[in-house]
Every structure is written in C-alpha cells, then in structure tokens.
Colleague: 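Provided herewith is a single structure, encoded as structure tokens, for subsequent inquiry.
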Amino acid sequence: ADAADPDQVIEGLFTDLGDPPLLGAADFKYLPRWRTVEVLLHIEATRLQKEGKPLEALDAMVRNLWLGRQMADRVMFRESSTGYAQMMLALQRLRDIPFVDSRLESPVLTAENVRDIGRRLREPQGLLGIDRLLMPQGDRIAAEQLISKTMLPNAGANPDTFSPVLAAITSRGRPLRLFSETARWGALRSLHADTNQTTARLGIVYDDYTRRWALNYHDPVLRRPFAYTRTDRTRYSSMDVFVRDISQLFRDRHLLRVEAEGTRNALALYGYRLQNRRSAPSLAALRPTFIQNLELDVYDPRRAATLSYFVPMTRAVANAQPRPHEMQVLPELLDNRNQQF
C-alpha cells in the first residue's frame with residue numbers, strides 16, 4: 001500500500017502485505033476488479049455480436065486473451081493461476097463467437113476475418129507462447145521470508161514470532177479465529193522441525209516442481225505424488241502456510257495447449273467453410289491457407305500423431321456406410337477452486 005497511489009489504495013487496486021509486510025501474507029485485493037474487467041469484456045463481446053459485429057467481438061476476446069497471458073506471467077501462484085483460467089475461457093469464447101455466426105442465415109464473418117484471428121493465435125512464434133510460460137517462483141521467495149521471520153537461525157521455531165505470525169495469516173479475513181489459531185500454532189511449535197530441516201524441505205518441494213515443469217505432460221514422473229504431498233504435516237506443519245500447492249498449474253498448462261490447438265483448428269475449419277461453402281474433407285485441406293502445419297495431438301503420449309478430423313455422415317472410412325456419429329460426453333468435476341461442474 002505504501003508504494004501505491006493513494007487513489008488506487010482507496011479503490012482496493014493494490015496488494016496488501018499485512019503488518020508487518022510479508023509476501024506470504026499477500027492479499028491480492030485487486031484481483032476481484034481484474035475479474036470484473038474480464039467479465040465486462042465478455043459482456044462487450046456479446047453486445048458486439050448482437051449488433052452484427054462478430055469481428056469486433058473476436059478482437060475483444062483476443063485482447064482478453066493477452067490480458068490473461070500477462071497475468072499468467074506473474075510470479076505469485078494465485079495471480080498466475082488466474083491468468084491461466086482467463087486465457088482458457090477466452091479461447092473457448094473465440095470458438096463460440098464464430099459458432100453463433102455460423103448459425104445465421106447469412107454469416108457476417110468472412111474467411112479472411114477468421115484467418116487473421118487464427119494467425120494472431122499462432123504458436124510458437126506468436127504472443128501466446130505457452131512453452132514460454134514459466135513456473136511462478138514468488139511463493140518460494142515468500143516462504144523463505146516466512147522462515148526467516150518465524151524461525152531462529154540453526155535452531156527451531158522462534159517462540160516470539162512463530163505462533164503470532166502464522167496465526168495472523170491463517171485467520172486473515174476471519175478475526176474471530178485469531179485466538180484459536182494462535183493456540184493451535186503454539187501447540188505445533190514444539191513438534192516442528194528445526195530451521196535447517198525446514199529450509200531443506202522447502203528446497204526439496206520446489207526443486208521437485210521445477211524438475212517436473214520441464215517434462216512432457218505424459219511423462220511417467222508426473223504421475224507420481226509430488227514432494228509437497230509427501231511432506232510430513234506434523235514435523236512441517238508450517239508448509240501449509242509457507243508453500244502453495246502449484247501442481248494444478250501442470251494440468252492447467254496442458255489444458256491451455258488443448259484449448260489453443262482446438263481453437264486454431266476450429267477457426268481454420270470455419271474459414272474453409274466460409275470460403276468454399278462446404279466442410280473441409282480433412283485438416284490437410286486447411287494448409288497453407290488457414291494453418292501452416294498440422295498440429296500434433298496433445299493427448300498422444302508420444303506427441304507423434306497429428307490431430308484427427310472427419311465429417312459425420314460421409315464416407316470417412318473406405319467402404320463404410322454413412323451413419324450418425326455417436327459421442328459420449330463425460331463431465332468432469334472441477335477442482336476445489338470452483339466447486340462446480
């Protein structure tokens with residue numbers, strides 16, 4: 001707050017680090033306003049499409065995507081994960097707008113419009129740059145700061161700061177819980193590992209994250225439990241405060257690739273249809289007008305197979321009779337951040 005403009009502080013457009021200021025106690029007060037901007041962009045896209053301006057609606061979603069991309073580059077986990085969610089929703093909307101346009105008796109979008117939007121999403125040279133996304137490291141720095149604040153060098157937990165500091169963080173926003181949290185941390189203090197052990201464990205957890213970040217999503221190592229989940233919650237009870245479980249970002253980054261590849265190919269298919277008044281017989285027919293290369297299937301563990309595509313009710317398979325294509329859709333329960341289907 002001290003480093004922000006007073007008007008921004010009044011409006012809540014800052015990050016509150018508490019008193020004393022600690023990165024581990026960061027309260028990102030501006031994020032709800034950021035979310036409001038995202039929602040308003042979606043509303044604006046709806047308004048533009050309703051007024052017969054789907055190209056302007058697509059442009060609004062591309063700008064929304066770039067905003068999310070900038071947020072995903074932030075060094076704190078909560079900010080970065082917000083960016084991932086924003087980008088995935090923007091990519092979904094970039095498919096939804098052309099779909100609504102395709103249902104019109106006379107579509108407004110042209111093949112050139114759709115091709116230009118697809119080029120803005122091009123990888124890996126484009127601005128999206130999923131492979132350039134870095135693992136957020138700010139939470140590790142925050143954890144190191146908390147260790148220095150709550151523990152004594154070459155000893156154990158600091159009796160003067162361990163319980164008050166951790167209780168203030170875990171009861172933030174719920175002041176009536178401060179006394180019970182102080183008592184809980186006071187009881188855990190004597191069971192806690194010493195400073196050197198805690199620092200070493202912190203390094204093991206984040207080194208594990210860092211090694212895995214460079215791996216392919218289908219690498220068997222990623223199927224093993226993370227070091228964070230294997231941490232003794234009695235000896236290292238403070239880890240639940242010091243360390244953020246960022247394992248969900250590994251899944252989010254993969255889903256972002258899925259959304260991006262699907263969006264690029266969906267736009268290319270619609271562009272082909274607008275230009276030729278029929279559906280493309282295969283993805284290969286989209287080259288080089290709408291896509292540069294056939295993209296690899298991100299669900300192929302070997303990353304060797306290209307994306308597959310066919311038009312239902314056609315002779316997609318030699319000597320096969322055309323018949324309706326049946327699909328099973330299995331909704332997945334989302335993680336605890338959303339608690340919804």
Side-chain angles (χ1 to χ4, degrees), residues 1-2 15-29 31 74-81 135-213 221-251 335-337 339:
D2 293 340
T15 300
D16 184 10
L17 299 181
D19 186 19
L22 292 168
L23 291 174
D27 181 8
F28 303 98
K29 293 185 176 297
L31 282 183
R74 302 284 289 180
V75 296
M76 302 299 282
F77 164 72
R78 188 179 168 196
E79 294 173 299
S80 182
S81 62
M135 190 187 81
Q137 295 285 348
D139 296 280
R140 179 173 190 167
I141 299 171
E144 292 169 348
Q145 184 189 39
L146 279 173
I147 289 175
S148 67
K149 184 70 176 179
T150 61
M151 307 196 74
L152 298 169
N154 300 314
N158 188 329
D160 297 327
T161 60
F162 185 83
S163 300
V165 170
L166 296 184
I169 294 175
T170 56
S171 65
R172 191 158 197 173
R174 295 167 292 180
L176 295 180
R177 292 189 57 179
L178 180 60
F179 295 106
S180 61
E181 286 294 295
T182 301
R184 182 172 75 91
W185 287 111
L188 291 171
R189 179 169 57 84
S190 61
L191 303 174
H192 203 281
D194 63 32
T195 305
N196 293 334
Q197 292 170 332
T198 303
T199 301
R201 189 63 197 175
L202 177 67
I204 290 172
V205 169
Y206 273 100
D207 288 347
D208 180 50
Y209 284 146
T210 302
R211 282 193 299 270
R212 292 173 186 243
W213 192 259
V221 173
L222 292 181
R223 307 282 83 82
R224 302 172 188 168
F226 284 78
Y228 173 81
T229 62
R230 301 195 308 268
T231 299
D232 188 327
R233 287 305 193 271
T234 300
R235 283 181 53 77
Y236 301 100
S237 55
S238 63
M239 283 293 169
D240 289 329
V241 182
F242 291 170
V243 180
R244 299 291 183 269
D245 182 6
I246 69 170
S247 59
Q248 69 184 52
L249 282 188
F250 292 79
R251 176 177 176 271
D335 55 64
N336 293 329
R337 291 172 297 168
Q339 290 292 335

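Keep in mind it's a predicted model, so treat the numbers as computed, not measured.
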Colleague: With rounding to the nearest 0.5 Å, note down the distance linking CD1 in I169 to CG in D27.
Modeller: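 If we round to the nearest 0.5 Å, I169:CD1 and D27:CG are 11.5 Å apart.
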Colleague: Would you say F77 and L249 make side-chain contact, with heavy atoms under 4.5 Å?
Modeller: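 Of all side-chain heavy-atom pairs linking L249 with F77, at least one is under 4.5 Å.
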Colleague: What is the distance from atom CZ of R78 to atom OG1 of T15, rounded to the nearest 0.5 Å?
Modeller: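 OG1 of T15 is found 9.0 Å from CZ of R78.
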Colleague: Go through the structure and list residues passing side chain to side chain contact (heavy atoms under 4.5 Å, CB included) with P164, not counting sequence neighbours.
Modeller: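 By the side chain to side chain contact (heavy atoms under 4.5 Å, CB included) rule, P164 matches no residue at all.
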Colleague: Measure the CZ-CZ distance between R224 and R230 for me, rounded to the nearest 0.5 Å.
Modeller: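 Rounded to the nearest 0.5 Å, the CZ-CZ separation comes to 9.0 Å.
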Colleague: What I'd like to find out is whether the side chain of N158 reaches to under 4.5 Å of the side chain of T150, using heavy atoms alone.
Modeller: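 Contact flag for N158/T150 side chains = no.
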Colleague: With the side chain counted from C-beta on, respond yes when F162 and L152 share a heavy-atom pair under 4.5 Å apart, and no when they do not.
Modeller: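 Contact flag for F162/L152 side chains = no.
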Colleague: Determine whether W185 and T170 make a side-chain contact, defined as any pair of heavy atoms from C-beta on separated by less than 4.5 Å.
Modeller: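 W185 vs T170: side chains touch.
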Colleague: Would you give the length of the straight line joining atom CZ of R189 to atom CE of M151, rounded to the nearest 0.5 angstrom?
Modeller: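 R189 atom CZ to M151 atom CE measures 10.5 Å (nearest 0.5 Å).
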Colleague: At their closest point, which heavy atom of R244 faces which heavy atom of Y206, and how far apart are they?
Modeller: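 Looking at all heavy atoms of both residues, the closest pair is N-OH, 3.8 Å.
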Colleague: Quick check: closest heavy atoms across G24 and A142, and the distance to 0.1 Å?
Modeller: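 That closest heavy-atom pairing would be N-CB, 3.6 Å.
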Colleague: May I have the step-by-step check of side-chain contact (heavy atoms from CB on, under 4.5 Å) for F179 and S171, ending in yes or no?
Modeller: CA-CA 9 Å; F179 295 106; S171 65; over 6 Å; no
Colleague: Can you measure from CG (L146) to OG (S238) and round to the nearest 0.5 angstrom?
Modeller: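 The OG atom of S238 is 8.5 Å from CG of L146, to the nearest 0.5 Å.
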Colleague: For the atom pair CE (M239) and CD1 (I147), what is the distance rounded to the nearest 0.5 Å?
Modeller: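 M239 CE to I147 CD1: 5.5 Å, rounded to 0.5 Å.
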Colleague: List the atom pairs, with distances to 0.1 Å, where a side-chain N or O of residues 196-204 and a protein N or O form a donor-acceptor pair under 3.5 Å, not counting sequence neighbours.
Modeller:
| from | atom 1 | to | atom 2 | distance (Å) |
| --- | --- | --- | --- | --- |
| N196 | ND2 | N154 | OD1 | 3.4 |
| Q197 | OE1 | D194 | N | 3.2 |
| Q197 | OE1 | R235 | NH2 | 2.8 |
| T198 | OG1 | D194 | O | 2.8 |
| T199 | OG1 | T195 | O | 2.9 |
| R201 | NE | T231 | OG1 | 3.2 |
| R201 | NH2 | A227 | O | 3.1 |
| R201 | NH2 | T231 | OG1 | 3.2 |

Colleague: So do R140 and D207 actually touch side chain to side chain, heavy atoms under 4.5 Å?
Modeller: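 D207 reaches R140 side chain to side chain.
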Colleague: Looking at the rings of F250 and F226, which for Trp means the six-membered one, are their centres under 6.0 Å apart?
Modeller: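 Under 6.0 Å, so yes.
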Colleague: I'd like to know if R212 pairs up with D208 as an ion pair, taking the criterion as any Lys NZ or Arg NE/NH1/NH2 lying under 4.0 Å from an Asp or Glu carboxylate oxygen.
Modeller: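 Yes, this pair counts.
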Colleague: Does Y228 have R233 sitting over its ring (NZ/CZ under 6.0 Å from centre, angle to axis within 45°)?
Modeller: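 Flagged: R233 positioned over aromatic ring of Y228.
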Colleague: Check whether any side-chain heavy atom of D139 sits under 4.5 Å from a side-chain heavy atom of M76, and report yes or no.
Modeller: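 The answer is yes, as the side chains (C-beta and beyond) meet within the 4.5 Å cut-off.
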Colleague: Applying side-chain contact (heavy atoms from CB on, under 4.5 Å), run through Q137 and T210 and close with a yes or a no.
Modeller: CA-CA 9 Å; Q137 295 285 348; T210 302; 3.8 Å; yes
